[in-house]
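Here is the structure we will look at, set down as structure tokens.
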Amino acid sequence: MSKIKFSDGMPVRERRSSTSIYPEELLDKKCGGCVRCQMRNGKGETGYHCTTQPYTKDISPEDKACVIYWDKEEERKYKALKAQDEENRRKELWSIYSKREPIKLPIINDGYGMIPECPICGEMPYSTEQCHWCGQRFIQDKEVEEYEKPLTKEVTCFSCGRKVMANVSKYNGHISYHCQCGTSFIEQGGHKMKLYFYILYIDIETDKWNLRLEECEVIEKPKTYKPVTKFPDGIYTSFIKKESIGNFINEYNKSVVLDAPDYEKAKEVFFKKYDNELNALRKAIKFYEELKSAVEDYKEDTKC
């Protein structure tokens with residue numbers, strides 16, 4: 001257990017990934033200013049697509065923005081502020097811990113493989129000599145020396161049959177190599193399975209919300225699932241946590257992920273969240289109606 005958490009000293013910043021509550025903000029907005037409007041980058045591909053729409057559906061940066069507009073400039077400023085918060089936190093911790101005596105660096109199993117973990121801030125230190133995040137120095141004992149030794153293994157290139165020296169990851173044991181024939185190989189661990197995504201998206205042509213089901217082949221890890229190729233359009237993450245199965249992927253995403261197709265289950269998850277939000281809005285409406293009534297009931301001849 002670490003003594004502190006790196007994130008504890010960082011301010012909480014608001015991040016808006018849609019403007020659906022304030023549609024009047026969209027009057028002068030266009031698709032090109034939205035994070036979700038992206039240029040196709042595949043070989044020989046041209047044009048733009050929306051990440052909430054099927055990849056093959058064309059859009060134009062000049063199109064009128066829809067209610068899930070995610071302001072690109074706001075997101076850039078948000079990320080810049082988060083990066084500055086992170087750097088300020090690093091400087092704060094370095095001023096304290098970089099001056100202390102070296103301590104033992106634990107090499108632990110984090111559920112994926114063996115990895116160093118700073119006992120002060122709990123982060124992966126990026127160095128076995130000194131933590132990148134808090135500045136704490138580490139004792140260079142035999143365990144660290146053994147971890148630092150490169151591990152290689154002779155393998156046969158699956159393309160040309162040459163013998164090549166491959167790197168073996170100390171983290172998860174995966175093999176990787178680059179052969180003279182031009183072949184690059186990175187081993188993928190874990191067994192394959194499928195996840196099912198119920199995705200709410202807005203049709204740009206009709207301006208209506210729709211629900212679609214997408215199937216995705218994934219590789220199961222101890223704590224997460226990673227896509228064999230990529231997740232469906234509209235899923236903005238590199239992995240899915242196992243605790244997310246049967247729920248929304250995250251607080252910003254309008255997608256429910258299941259390990260088997262089950263519309264009734266997905267419907268239950270969607271309705272639970274949106275019924276709660278509707279109840280909160282009804283309470284807010286009632287509150288403002290009461291404020292209006294108080295103003296209307298005011299009598300001008302009332303003495304101070």
Please confirm whether the backbone N or O of [Y] pairs with a side-chain atom of [X], one donor and one acceptor, at under 3.5 Å?
{"X": "Ser98", "Y": "Ser95", "value": "no"}
{"X": "Thr183", "Y": "Cys179", "value": "no"}
{"X": "Asn279", "Y": "Asp275", "value": "yes"}
{"X": "Lys72", "Y": "Gly32", "value": "yes"}
{"X": "Trp94", "Y": "His132", "value": "yes"}
{"X": "Trp70", "Y": "Cys37", "value": "no"}
{"X": "Gln136", "Y": "Glu101", "value": "yes"}
{"X": "Asn276", "Y": "Lys273", "value": "no"}
{"X": "Tyr288", "Y": "Lys283", "value": "no"}
{"X": "Arg137", "Y": "Arg100", "value": "yes"}

Out of curiosity, [X] [atom1] to [Y] [atom2], how far, rounded to the nearest 0.5 Å?
{"X": "Cys134", "Y": "Ile120", "atom1": "SG", "atom2": "CD1", "value": "6.0 Å"}
{"X": "Lys29", "Y": "Cys66", "atom1": "NZ", "atom2": "SG", "value": "13.5 Å"}
{"X": "Cys34", "Y": "Ile68", "atom1": "SG", "atom2": "CD1", "value": "7.0 Å"}
{"X": "Lys226", "Y": "Cys216", "atom1": "NZ", "atom2": "SG", "value": "13.5 Å"}
{"X": "Tyr48", "Y": "Glu62", "atom1": "OH", "atom2": "CD", "value": "9.5 Å"}
{"X": "Tyr201", "Y": "Glu214", "atom1": "OH", "atom2": "CD", "value": "9.0 Å"}

Heavy-atom closest pair, residues [X] and [Y]:
{"X": "Ile107", "Y": "Met114", "result": "O-CE, 3.6 Å"}
{"X": "Thr128", "Y": "Leu105", "result": "CA-CD2, 3.7 Å"}
{"X": "Phe248", "Y": "Asn253", "result": "CD2-O, 3.4 Å"}
{"X": "Ile115", "Y": "Tyr147", "result": "CA-OH, 4.0 Å"}
{"X": "Ile103", "Y": "Pro119", "result": "CD1-CG, 3.4 Å"}
{"X": "Ile4", "Y": "Leu93", "result": "CD1-CD2, 3.6 Å"}

Report task. Starting from the C-alpha separation in whole Å, work towards a yes-or-no answer on side-chain contact (heavy atoms from CB on, under 4.5 Å) for Tyr177 and Asn167. Result -> CA-CA 6 Å; Tyr177 64 81; Asn167 295 312; over 6 Å; no
Report task. Sort out for me which residue in Asp85, Leu81, Asn88 forms a side-chain contact (heavy atoms from CB on, under 4.5 Å) with Pro11. Result ->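 The passing option is Asp85.
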Report task. Test side-chain contact (heavy atoms from CB on, under 4.5 Å) on Asn247 and Val269 and set out the steps. Result -> CA-CA 6 Å; Asn247 211 327; Val269 175; 3.9 Å; yes
Salt-bridge present ([X], [Y]; N to O < 4.0 Å):
{"X": "Glu145", "Y": "Lys142", "result": "no"}
{"X": "Lys149", "Y": "Glu146", "result": "yes"}
{"X": "Arg15", "Y": "Glu74", "result": "no"}

Query raised in the report: Do you see a donor-acceptor pair shorter than 3.5 Å between the side chains of Tyr198 and Arg212?
Result: no
Requested in this report: State whether a side-chain donor-acceptor pair under 3.5 Å links Thr51 with Tyr236.
Outcome: yes
Query raised in the report: Are the aromatic rings of Phe239 and Phe231 close, with centres under 6.0 Å apart?
Result: no
Query raised in the report: Would Lys242 count as a cation-pi partner of Tyr225, with NZ or CZ less than 6.0 Å from the six-membered ring centre and within 45° of the ring normal?
Result: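 Flagged: Lys242 positioned over aromatic ring of Tyr225.
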Query raised in the report: Under the 6.0 Å and 45° cation-pi test, does Lys104 pair with Phe138?
Result: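 Because its charged atom misses either the 6.0 Å distance or the 45° angle limit, Lys104 does not stack over Phe138.
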Determine, using the 4.5 Å side-chain heavy-atom cutoff (strictly less than), whether [X] and [Y] are members of one ILVMFWY cluster.
{"X": "Phe197", "Y": "Phe270", "value": "no"}
{"X": "Trp133", "Y": "Ile96", "value": "yes"}
{"X": "Tyr126", "Y": "Tyr97", "value": "yes"}
{"X": "Ile108", "Y": "Phe6", "value": "yes"}

Query raised in the report: Among all residues two or more places apart in sequence or in another chain, which pass the side chain to side chain contact (heavy atoms under 4.5 Å, CB included) test with Glu154?
Result: Lys163, Met165
Query - Working for salt bridge (Lys or Arg N to Asp or Glu O under 4.0 Å), residues Glu87 and Arg90 - result: CA-CA 5 Å; Glu87 187 58 25; Arg90 281 188 67 231; 3.1 Å; yes
**Report entry** By side chain to side chain donor-acceptor pair (under 3.5 Å) - contacts of Glu123 (at least two apart)
**Finding:** none
**Report entry** Step-by-step side-chain contact (heavy atoms from CB on, under 4.5 Å) determination, Met193 to Leu195
**Finding:** CA-CA 7 Å; Met193 59 177 290; Leu195 292 180; 4.2 Å; yes
Flag yes if more than 12 heavy atoms outside [X] fall under 6.0 Å of its [atom1] atom; otherwise flag no.
{"X": "Lys241", "atom1": "NZ", "result": "no"}
{"X": "Glu73", "atom1": "CD", "result": "yes"}
{"X": "Lys30", "atom1": "NZ", "result": "no"}
{"X": "Tyr274", "atom1": "OH", "result": "yes"}

Requested in this report: Apply salt bridge (Lys or Arg N to Asp or Glu O under 4.0 Å) to Lys194 and Glu217, showing your working.
Outcome: CA-CA 4 Å; Lys194 290 182 179 181; Glu217 192 172 30; over 6 Å; no
Query raised in the report: Does the pair Cys181 and Arg162 meet the rule for a side-chain contact (heavy atoms from CB on, under 4.5 Å), with working shown?
Result: CA-CA 9 Å; Cys181 72; Arg162 279 191 181 93; 3.6 Å; yes
Requested in this report: Among Glu45, His49, Arg40, find the one that has a side-chain hydrogen bond (donor to acceptor under 3.5 Å, both in side chains) with Tyr55.
Outcome: Glu45
Query - Chi angles and distances behind the salt bridge (Lys or Arg N to Asp or Glu O under 4.0 Å) call for Lys286, Glu289 - result: CA-CA 5 Å; Lys286 182 181 178 183; Glu289 291 290 354; over 6 Å; no
